[in-house]
Protein chains: 2
Amino acid sequence: MKIRPPTIKDVAERAACGVATASRVLNGRGPASEKTRRKVLAAAAELGFEFSDLGRSLQSSTTRTLGCVVPSLANPVFADVVQAAQAEANRAGYQLILACSDYDPELESRAIRTLLAKQVDGLIVTVSNVEDSEGLEQVRARGVPCALVYNRACRGFPAWSVDNRAAAARVAGEFAALGHRHTGFLALEFGRSDRSRERFEGFAEACAALGMAQPVLLEIAEQEGQLLELLRALLSANRDITGIFASNDYLALAAMQAARGLGRRIPQDLSIVGFDGIATGLMVEPNLATVVTDPRAMGEGAARTVLARLAGETPPAGPDPARTFSFRRGGSLGPPAPESMDGGEAATSPPPRQ
Amino acid sequence: MKIRPPTIKDVAERAACGVATASRVLNGRGPASEKTRRKVLAAAAELGFEFSDLGRSLQSSTTRTLGCVVPSLANPVFADVVQAAQAEANRAGYQLILACSDYDPELESRAIRTLLAKQVDGLIVTVSNVEDSEGLEQVRARGVPCALVYNRACRGFPAWSVDNRAAAARVAGEFAALGHRHTGFLALEFGRSDRSRERFEGFAEACAALGMAQPVLLEIAEQEGQLLELLRALLSANRDITGIFASNDYLALAAMQAARGLGRRIPQDLSIVGFDGIATGLMVEPNLATVVTDPRAMGEGAARTVLARLAGETPPAGPDPARTFSFRRGGSLGPPAPESMDGGEAATSPPPRQ
DNA sequence: TCCGAAAATGGAAACGTTTCCATTTTCATT
DNA sequence: AATGAAAATGGAAACGTTTCCATTTTCGGA
């Protein structure tokens with residue numbers, strides 16, 4: 001079933017010339033007589049010849065391939081990153097090899113190793129923990145151009161990322177302005193994402209600076225499918241909280257559902273703010289207040305940075321630090337109901353059926 | 001900056017042995033004395049040697065790489081397909097090279113060509129039009145194992161797909177049972193997706209069989225960002241329609257928003273049914289009625305089919321044709337309001353502000 | 001100590017390219 | 001027709017592997 005594809009040697013033979021000549025003609029470089037050119041081209045066409053990138057890559061020690069590692073495609077943020085990076089790579093004649101790490105540092109490092117073995121010319125990566133990444137060490141050892149996405153710059157690797165701390169601080173400011181005092185920070189797999197951690201830290205610091213209570217860390221262990229139940233438990237156990245900042249929009253949306261299931265009105269009984277700005281947030285009622293980021297710009301930028309280094313050009317600067325995010329108001333964020341502002345232990349409002 | 005990675009020759013030299021011996025030791029096959037083994041292993045470790053897949057692939061004419069072409073990652077259905085295919089490929093020691101065709105047959109065929117040039121061992125593909133795909137011709141010519149996803153089987157290529165016609169017929173049945181007579185079929189880029197076309201045809205046939213009016217084809221030209229405006233125009237121009245079947249959930253969701261923007265209540269004034277079963281459909285109010293599919297199963301199945309052929313095993317059968325989809329009821333589908341059932345040209349209900 | 005078999009070893013070819021360089025051909029001048 | 005420069009050509013090496021096969025080493029037993 002598997003056919004041996006014709007090689008340039010076959011073409012040369014059929015055209016009755018040397019492989020060097022065939023190569024020159026087919027690549028359009030170097031001299032060749034009109035007669036030979038025609039013979040070679042005809043032979044190639046008849047054989048249906050296509051270059052094998054393998055031989056080429058081996059010869060040139062260049063693969064025109066970029067590796068890309070992201071945690072998951074289920075998160076539209078990364079789907080967008082990948083798509084944009086891919087488009088940009090293609091534009092420059094590069095292909096993209098994708099690997100998903102599933103938020104697992106072990107898989108992440110294995111993926112990077114494999115990509116390196118495949119001799120990718122460059123890498124675009126979102127790692128679990130930028131400070132301590134075996135994968136990144138490998139990359140450095142090989143000296144392969146690499147840009148980080150949604151991680152902050154570190155150890156000389158350029159980064160296309162959101163200023164997580166500033167964004168989180170902004171959210172704290174919004175909460176404060178509306179009169180919230182007790183908030184929670186909702187995170188999934190906290191330990192496996194330094195993005196999450198940075199957002200929490202920025203949020204906590206700002207809360208302190210604004211005279212709010214220390215935010216409660218609501219951490220959820222990944223239990224596929226159980227999400228809603230876990231959220232309900234968490235919400236029920238923390239009834240004094242009037243606002244929740246979720247480390248991403250998916251969680252925020254899930255929290256909205258869970259809260260509604262418990263009969264808590266949004267935003268009167270509970271305000272929710274997300275992070276990312278995915279499209280779904282605009283489809284729900286009320287709209288999700290969130291930190292809007294631009295994943296496509298990040299993916300494209302990271303690709304451009306890597307490609308520029310490969311082309312020997314000076315890479316573009318990272319994103320303008322002042323504009324990596326914007327805050328989007330939405331119906332999910334409002335002032336807390338008066339009775340909640342006392343910070344009483346248990347809310348007194350009867351849970352109305354929605 | 002770019003470092004020349006150590007080759008097996010370097011290892012052999014440092015271990016003072018031949019490359020053949022080094023290769024045997026490093027691969028763990030073939031005989032080797034304990035002494036030599038140690039020397040080679042030590043040399044490799046000191047040098048930080050890793051095999052280059054390039055030389056290997058050239059030698060074995062096998063890349064342990066699968067190519068994957070989907071229209072877009074922005075649609076979570078395909079993101080899931082890719083993710084599942086990737087996971088399955090990895091499990092078997094294969095990598096995945098991704099390409100997005102952006103629903104463009106031209107890009108699609110180019111992507112396939114590039115993948116073939118890269119000597120992928122197999123392909124997992126969703127094409128724009130299964131009947132007429134230059135890319136698929138290339139694949140056949142090369143004899144590379146290939147499975148289709150979300151396309152129907154064709155010309156000997158196995159497929160992991162939904163029975164679009166049956167699913168569409170089911171939707172027609174649901175509409176009919178509720179008393180709908182005038183419906184519309186909403187599609188984006190109709191000409192670029194045979195999935196869309198099959199859904200429409202199945203829907204139209206079933207409508208006819210059920211004594212309903214021929215569904216109006218509501219086609220939208222891709223105008224990034226204008227979607228909502230276009231939908232509003234379409235809805236305003238077709239006020240006798242009581243139900244819309246959208247060719248995918250994204251469109252359905254957008255239609256819901258547009259309808260609401262026009263003051264039309266869902267489902268009283270307009271019922272909407274989607275296709276795919278993406279998570280967002282469960283987050284909106286009312287929930288989106290839709291045809292639920294299992295993209296992960298499709299991606300995984302397609303990968304398994306290809307991998308089995310590569311391993312010389314007999315590939316799994318495709319999905320059970322009777323279970324490729326299920327219908328999910330949702331608040332977006334209900335009986336039409338009585339006054340609409342007359343099929344009058346203009347609805348008489350005043351557009352209330354939502 | 002020597003023999004033969006088994007184990008270990010390394011040279012060389014092959015995989016499909018490109019490119020260097022030496023050789024051959026062409027062609028315009030004389 | 002002879003000359004020389006320019007153009008065209010093809011052999012061979014190199015890229016990093018694996019594998020075949022011939023050669024060398026080891027080792028148990030006589």
Side-chain angles (χ1 to χ4, degrees), chain A residues 2-41 43-44 47-65 93 114 116-121 142, chain B residues 2-41 43-44 47-65 93 114 116-121 142:
Chain A
K2 178 70 167 299
I3 282 116
R4 193 185 74 84
T7 75
I8 200 172
K9 218 172 289 182
D10 299 323
V11 175
E13 191 173 345
R14 185 169 242 263
C17 70
V19 291
T21 306
S23 174
R24 273 189 300 258
V25 171
L26 261 9
N27 284 296
R29 330 177 203 294
S33 71
E34 195 47 37
K35 204 179 58 173
T36 318
R37 179 182 310 280
R38 249 195 287 279
K39 275 196 308 181
V40 171
L41 258 17
L47 259 30
F49 171 80
E50 299 267 353
F51 280 111
S52 158
D53 281 347
L54 247 49
R56 245 181 200 184
S57 294
L58 185 56
Q59 204 283 142
S60 63
S61 66
T62 239
T63 52
R64 296 193 85 73
T65 295
T114 314
L116 253 15
K118 273 214 172 343
Q119 313 267 98
V120 293
D121 292 340
R142 276 278 190 288
Chain B
K2 178 70 168 300
I3 282 113
R4 192 185 74 84
T7 75
I8 201 172
K9 218 172 287 183
D10 299 323
V11 174
E13 190 173 345
R14 186 171 243 262
C17 71
V19 291
T21 306
S23 173
R24 272 189 301 259
V25 171
L26 261 9
N27 284 297
R29 349 175 189 290
S33 72
E34 194 49 36
K35 205 179 57 172
T36 319
R37 179 182 309 282
R38 250 195 287 278
K39 276 196 307 181
V40 171
L41 258 17
L47 258 31
F49 171 80
E50 299 267 353
F51 280 111
S52 159
D53 281 347
L54 246 49
R56 246 181 197 183
S57 294
L58 185 56
Q59 204 285 141
S60 63
S61 65
T62 242
T63 52
R64 295 194 83 73
T65 294
T114 314
L116 252 15
K118 274 213 171 344
Q119 313 266 98
V120 294
D121 292 339
R142 275 278 189 287

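Note on naming: letters A, B, ... go to the chains in the order of the sequence lines (proteins, then strands), and numbering restarts at 1 for each one.
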- Message: Return the CG to CG distance between A:D10 and A:L47, rounded to the nearest 0.5 Å.
- Response: 6.0 Å
- Item | Nearest-angstrom distance from the residue atom CG of A:L54 to P of D:dC15 | 17 Å
- For the side chain of B:F51, starting at C-beta, report the closest nucleotide among C:dT9, D:dT17, C:dT17. D:dT17
- Of the nucleotides C:dT17, D:dC20, C:dT18, which has the atom closest to the B:A20 side chain? D:dC20
- Query: Between C:dT19, C:dT17, D:dT18, which nucleotide gets closest to the side-chain atoms of A:R29?
  - Reply: C:dT19
- Is A:E13 atom CD crowded by more than 12 heavy atoms from other residues, nucleotides or ligands, each under 6.0 Å away? no
- Query: How close or far is atom P of C:dT18 from atom CG of B:L58, stated in whole angstroms?
  - Reply: 13 Å
- Counting distance only, does the side-chain N/O of B:T63 pair as donor-acceptor with the main-chain N or O of B:S57 below 3.5 Å? no
- Query: Counting just side-chain N and O atoms, does B:S33 come under 4.0 Å of either OP1 or OP2 of C:dT9?
  - Reply: yes
- Message: Under 4.0 Å, counting only non-hydrogen atoms across every strand here, what does A:S57 touch: a base, just sugar-phosphate, or nothing?
- Response: nothing
- Message: Dot-bracket, 5' to 3', for DNA chain C please: Watson-Crick or G-U pairs under 3.5 Å, [ ] where pairs cross earlier ones, | where the partner sits on another strand, dots elsewhere.
- Response: ||||||||||||||||||||||||||||||
- Report yes if the side chains of B:K39 and B:V25 come closer than 4.5 Å at any heavy-atom pair, otherwise no. no
- With heavy atoms under 4.0 Å as the rule, sort A:G18 into base, sugar-phosphate or nothing. sugar-phosphate
- Distance in angstrom units between A:R37 CZ and D:dT9 C1', rounded: 13 Å
- Query: Does B:N27 reach the main-chain N or O of B:S23 with its side chain, forming a donor-acceptor pair under 3.5 Å?
  - Reply: yes
- Query: Does some side-chain heavy atom of B:T36 sit less than 4.5 Å from a side-chain heavy atom of B:T21?
  - Reply: yes
- Of the candidates C:dT9, C:dA12, C:dT17, the side chain of A:I8 sits closest to C:dT17
- Query: For B:T7, which contact category applies under a 4.0 Å heavy-atom criterion: base, sugar-phosphate, or nothing?
  - Reply: sugar-phosphate
- Message: What's A:S23 touching, base or sugar-phosphate or nothing? Going by heavy atoms closer than 4.0 Å.
- Response: base
- Query: Do the side chains of A:L26 and A:L41 get nearer than 4.5 Å, heavy atoms only?
  - Reply: yes
- Task: May I ask you to say what A:R4 touches in the nucleic acid, namely base, sugar-phosphate or nothing, with a heavy-atom cut-off under 4.0 Å?
- Result: sugar-phosphate
- Message: Could you tell me how far apart A:R56 (CZ) and D:dG16 (C1') are, to the nearest whole angstrom?
- Response: 19 Å
- Message: Below the 4.0 Å mark, does D:dT9 have OP1 or OP2 next to a side-chain nitrogen or oxygen of A:T36?
- Response: yes
- Task: Compare the minimum distances between each of D:dC15, D:dA12, D:dT19 and the side chain of A:Q59, then state the nucleotide with the smallest one.
- Result: D:dC15
- Evaluate the side-chain proximity of B:R64 to B:R56: yes if any heavy-atom separation is below 4.5 Å, no if none is. no
- For A:E50, which contact category applies under a 4.0 Å heavy-atom criterion: base, sugar-phosphate, or nothing? sugar-phosphate
- Please state whether the phosphate of C:dA8, meaning OP1 or OP2, lies under 4.0 angstrom from any side-chain nitrogen or oxygen of B:T21. no
- Write down the distance between NZ (A:K9) and P (C:dT18), rounded to a whole number of angstrom. 13 Å
- Query: For DNA chain C, whose closest nucleotide is more 5', that of B:V25 or that of B:S61?
  - Reply: B:V25
- Euclidean distance, atom CD of residue A:E34 to atom C1' of D:dA7 [Å, nearest integer]: 14 Å
- Check every strand shown and say whether A:N27 touches a base, only sugar-phosphate, or nothing at a heavy-atom separation below 4.0 Å. sugar-phosphate
- Message: Quiz question: going by heavy-atom distance under 3.5 Å, is there a donor-acceptor pair between the base of D:dG10 and the side chain of A:R24?
- Response: yes
- Judged by nearest nucleotide, the residue sitting upstream toward the 5' end of DNA chain D, A:C17 or B:D53, is A:C17
- Rounded to the nearest 0.5 Å, how far apart are OG of B:S52 and CG of A:L58? 7.0 Å
